[in-house]
Number of protein chains: 2
Amino acid sequence: MTIKDIARLAGVTHSTVSRSLNDSPLVAAETKEKIKKLATELGYSPNTFARRLVTKKSNTLGVFFLSRAEINFMENFGTQFLDGIATASSNNGYDLLMFTMTRDLSNQKSYIRLCQEKHVEGVIFIGMTSDDPHLAEIAASQIPVCIIDFELKGDHVGFISSDNDQGIRLALDHLWQNGHRSIAHLGGPEVSPVAMIREDAYRRYMTSHGLESKIKILRGDFTKDSGYRRTQEMIRQGHLPTALLAANDYMALGAVKALKEQGYKIPSDVSIIGYDNVLAGEYSDPGLTTIGQNPIEMGASAVQYLFEKLKGGAPSPIHLINPNLIIRDSVRPIPIR
Amino acid sequence: MTIKDIARLAGVTHSTVSRSLNDSPLVAAETKEKIKKLATELGYSPNTFARRLVTKKSNTLGVFFLSRAEINFMENFGTQFLDGIATASSNNGYDLLMFTMTRDLSNQKSYIRLCQEKHVEGVIFIGMTSDDPHLAEIAASQIPVCIIDFELKGDHVGFISSDNDQGIRLALDHLWQNGHRSIAHLGGPEVSPVAMIREDAYRRYMTSHGLESKIKILRGDFTKDSGYRRTQEMIRQGHLPTALLAANDYMALGAVKALKEQGYKIPSDVSIIGYDNVLAGEYSDPGLTTIGQNPIEMGASAVQYLFEKLKGGAPSPIHLINPNLIIRDSVRPIPIR
DNA sequence: ACTCTTATTGCACACGTGTGTATGCGGATC
DNA sequence: GATCCGCATACACACGTGTGCAATAAGAGT
């Protein structure tokens with residue numbers, strides 16, 4: 001079923017059909033209607049390959065995501081990113097091609113080259129790592145790029161992230177409103193940009209609320225075990241805060257474990273708040289109050305950035321998505337001392 | 001950069017170039033080499049749209065996955081399925097188009113229709129649900145379909161799943177070898193096919209090992225809370241087994257919680273083994289011994305099925321992937337009584 | 001030396017769609 | 001009534017690649 005078939009049945013040429021279906025003003029309203037009706041009756045759908053060949057527009061976005069079996073860092077975020085990306089893309093009539101970034105980075109084909117070959121108009125990266133050998137090439141890309149949770153500067157590259165600063169403020173506001181004044185921070189490693197942003201937000205909040213003297217930072221590495229050990233050390237030193245704000249949920253769960261082992265009760269003895277809203281926090285005991293990112297919205301924003309770029313606009317290269325506070329059972333109000 | 005450009009530079013016609021790059025025997029070995037060399041030097045890559053237009057082959061697979069923000073049932077499996085699918089697809093020179101199955105099933109376009117429009121040669125579904133209104137249409141599909149974790153019969157539809165029967169045997173073997181003879185089963189709801197398969201495997205194993213009298217089944221609904229409550233009831237009744245095999249990890253974690261609350265120690269008092277290898281089990285206390293599915297391999301198998309179908313073969317419509325036992329700290333050997 | 005065969009290349013068309021230009025037709029203007 | 005204008009449609013070509021068939025050249029056989 002092609003436009004030529006429709007043309008024959010309607011007694012016109014294929015050009016008239018083409019123009020009708022594309023709503024060209026060059027064709028009489030009457031015949032246009034007639035042809036459109038005929039097309040839908042026949043269940044016609046255009047051959048995208050022929051169309052793309054002549055228009056030189058692919059209407060296709062690409063998404064690369066990290067493929068590492070042993071690293072589960074993405075939790076269920078991965079599918080939610082993809083969810084947001086796929087629906088936003090589809091809503092705008094764009095196809096979505098999916099690629100993986102494999103682990104042996106040596107014989108890996110250049111991403112950008114691959115995109116050119118596939119005629120991808122814009123591309124999104126999920127799970128980019130700083131050891132990737134193609135970073136410079138991506139930064140110099142001529143086709144619009146958007147990277148989730150990894151900052152890279154370039155004329156046509158955007159950056160989508162959760163607003164970590166605001167997330168920390170949400171968490172600390174919650175503790176503050178529950179009467180907590182002695183709040184320690186279980187931070188991530190210094191090599192992690194996200195960890196540093198969260199720690200910095202903690203420092204600023206404490207200072208601006210007159211709690212500068214209460215600032216206390218335990219340095220973990222985002223693993224549950226590091227949270228467990230740093231908390232053990234803190235317990236031994238004997239200075240327990242009333243609340244602990246962890247830079248991610250896994251460390252928070254490690255802290256819970258260490259405290260429970262020493263006979264402390266959560267949240268009656270110590271309140272704990274995590275970050276990321278991983279599933280383990282939902283199923284832990286007590287349920288972990290935490291800050292949730294909005295991965296679906298992040299994915300949609302990435303697509304949004306690409307479309308604005310494609311339209312010739314100059315969207316902000318950085319988009320921070322609002323996180324939200326998820327209240328469970330690990331924070332308890334205390335009277336102000 | 002087209003084959004015409006190469007033709008001009010090589011002093012031949014575009015047909016000769018086309019034949020050379022496609023390794024046709026109709027062209028002299030000498031000129032073939034020359035042209036191939038020229039093409040790589042110029043960094044030529046064929047225009048897929050033109051090629052697909054004339055060959056009528058898209059070299060494209062499609063993947064639909066369920067898009068439901070509030071349902072996290074896929075955990076990190078989703079990305080791993082996609083990982084396996086994307087790499088297998090790419091290794092065979094196929095592109096992968098991604099679509100979502102949106103929640104409002106009413107105004108949803110027919111999946112198969114969409115596949116035809118996009119010229120998808122084969123399609124994979126992840127997260128299919130039994131309330132989807134397009135099931136009949138999928139079953140009757142003329143293009144090869146493969147569904148992960150959802151059985152549907154049709155001439156061109158395949159079914160990929162973890163081998164639940166073997167998984168249960170792995171778990172019970174592990175308990176058996178650790179001396180356990182009194183093993184209860186915390187099963188899933190009767191409406192779940194997977195739950196029934198797992199329960200049946202439990203029954204057969206117990207019977208074939210002379211433990212028919214020890215068969216005891218608690219009926220949960222796959223949630224942590226149901227595991228918690230069924231276990232509480234069992235404790236109240238006073239007949240504790242030495243080991244508990246749960247039909248999924250969340251229920252296992254619920255059981256752990258109930259037992260710990262009553263002062264029992266895991267695994268010294270009761271051994272517990274879960275199923276699915278969700279992340280929460282890795283981070284729970286104690287680490288949950290469980291059965292892991294191999295989602296990457298499942299994804300790759302789905303692609304494999306489609307390719308065999310496309311080659312005209314008749315692959316088995318059912319593929320069961322071997323699960324594996326993941327030993328952590330929730331099972332402990334006991335002396336045989 | 002002539003014919004026949006075979007190897008190699010060119011020619012021409014096709015795939016389905018979009019678009020610039022030409023053509024035809026009706027009506028309005030003078 | 002001749003001219004001009006505008007509207008609607010047809011014609012023709014293009015996009016880049018693949019392929020059946022014809023054409024040419026070279027070599028082999030008699």
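All values reported here derive from a predicted model rather than from experimental measurement. Chain identifiers are assigned alphabetically (A, B, ...) following the order of the sequence lines, protein sequences preceding nucleic acid strands; residue numbering begins at 1 within each chain.
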Pair Asp95(B), Lys118(B) - check salt bridge (charged side-chain N to carboxylate O under 4.0 Å, His left out), show working.
CA-CA 12 Å; Asp95(B) 287 347; Lys118(B) 303 296 184 187; over 6 Å; no
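- The line from CG of Leu42(B) to CE of Met1(B) is 4.5 Å long, rounded to the nearest 0.5 Å.
- Helix-axis bend for the helix from dA1(C)-dT30(D) to dC30(C)-dG1(D): the local axis fitted to the five terminal pairs at one end deviates from that at the other end by 60°, rounded to 10°.
- For Phe65(A) and Phe81(A), the gap between ring centers reaches or exceeds 6.0 Å.
- Heavy atoms of Ser18(A) sit under 4.0 angstrom from at least one base atom.
- Using a 4.5 Å heavy-atom threshold, the side chains of Met298(A) and Asp149(A) count as touching.
- Here the CE-NE2 distance, from Met128(A) to His134(A), works out to 9.5 Å after rounding to the nearest 0.5 Å.
- If you check residues 38-54 of chain B against DNA chain C, the residues with a heavy atom closer than 4.0 Å are Leu53(B), Val54(B), listed by number.
- Between the CG atom of Asn22(B) and the P atom of dT19(D) there is a distance of 7 Å, given to the nearest Å.
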Scan the side chains in residues 20-29 of chain B for donor-acceptor partners under 3.5 Å anywhere in the protein, sequence neighbours excluded, and list what turns up.
residue, atom, partner, partner atom, Å
Ser20(B), OG, Thr16(B), O, 2.8
Asn22(B), ND2, Ser18(B), O, 3.4
Asp23(B), OD1, Lys36(B), NZ, 2.8
Asp23(B), OD2, Lys36(B), NZ, 3.4
Ser24(B), OG, Leu26(B), N, 3.1

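- The pair Glu30(A)-Lys32(A) does not count as a salt bridge, with every side-chain nitrogen at least 4.0 angstrom from each carboxylate oxygen.
- A pairwise comparison of heavy atoms in Ile143(B) and Val120(B) identifies CD1-O, 3.8 Å as the closest pair.
- Residue Ser24(A) is classed as having no contact, given no heavy-atom separation below 4.0 Å to the nucleic acid.
- For the residue pair Glu137(A) and Ser110(A), a side-chain donor N or O sits within less than 3.5 Å of a side-chain acceptor on the partner.
- If you run ring-ring contact (aromatic ring centres under 6.0 Å, His included) between Phe125(A) and each of Phe150(A), Phe99(A), Tyr111(A), Phe159(A), only Tyr111(A) comes through.
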Produce a footprint string for nucleotides 21-26 of chain D: one letter per nucleotide, 5' end first; B if the base is under 4.0 Å from any protein heavy atom, S if only the sugar-phosphate is, - if neither.
------
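- The nucleotide range of DNA chain C contacted by chain A, defined by atoms under 4.0 angstrom from heavy atoms of the protein and reported 5' to 3', is dG16(C) to dG20(C).
- Within the 4.5 Å cutoff, no side-chain heavy atoms of Ile112(A) are placed close to those of Leu114(A).
- Residue Thr13(A) comes nearest to Ala7(A) through the heavy atom pair C-CB, 3.5 Å, listed as atom of the first residue, atom of the second, then distance.
- Between Lys309(B) and His156(B), the closest side-chain pair of non-hydrogen atoms falls below 4.5 Å.
- We find the CD-CG distance between Gln293(B) and Asn164(B) to be 6.5 Å, quoted to the nearest 0.5 Å.
- When each of Pro25(B) and Lys56(B) is assigned the nucleotide of DNA chain C bearing its nearest heavy atom, the one mapping closer to the 5' terminus is Pro25(B).
- For DNA chain C, the residues of residues 3-15 of chain B within the heavy-atom distance limit of 4.0 Å (strictly under) are Gly11(B), Val12(B), Thr13(B), His14(B), Ser15(B), sorted by number.
- Nearest heavy atoms, Pro144(A) versus Leu310(A): CG-CD2, 3.9 Å.
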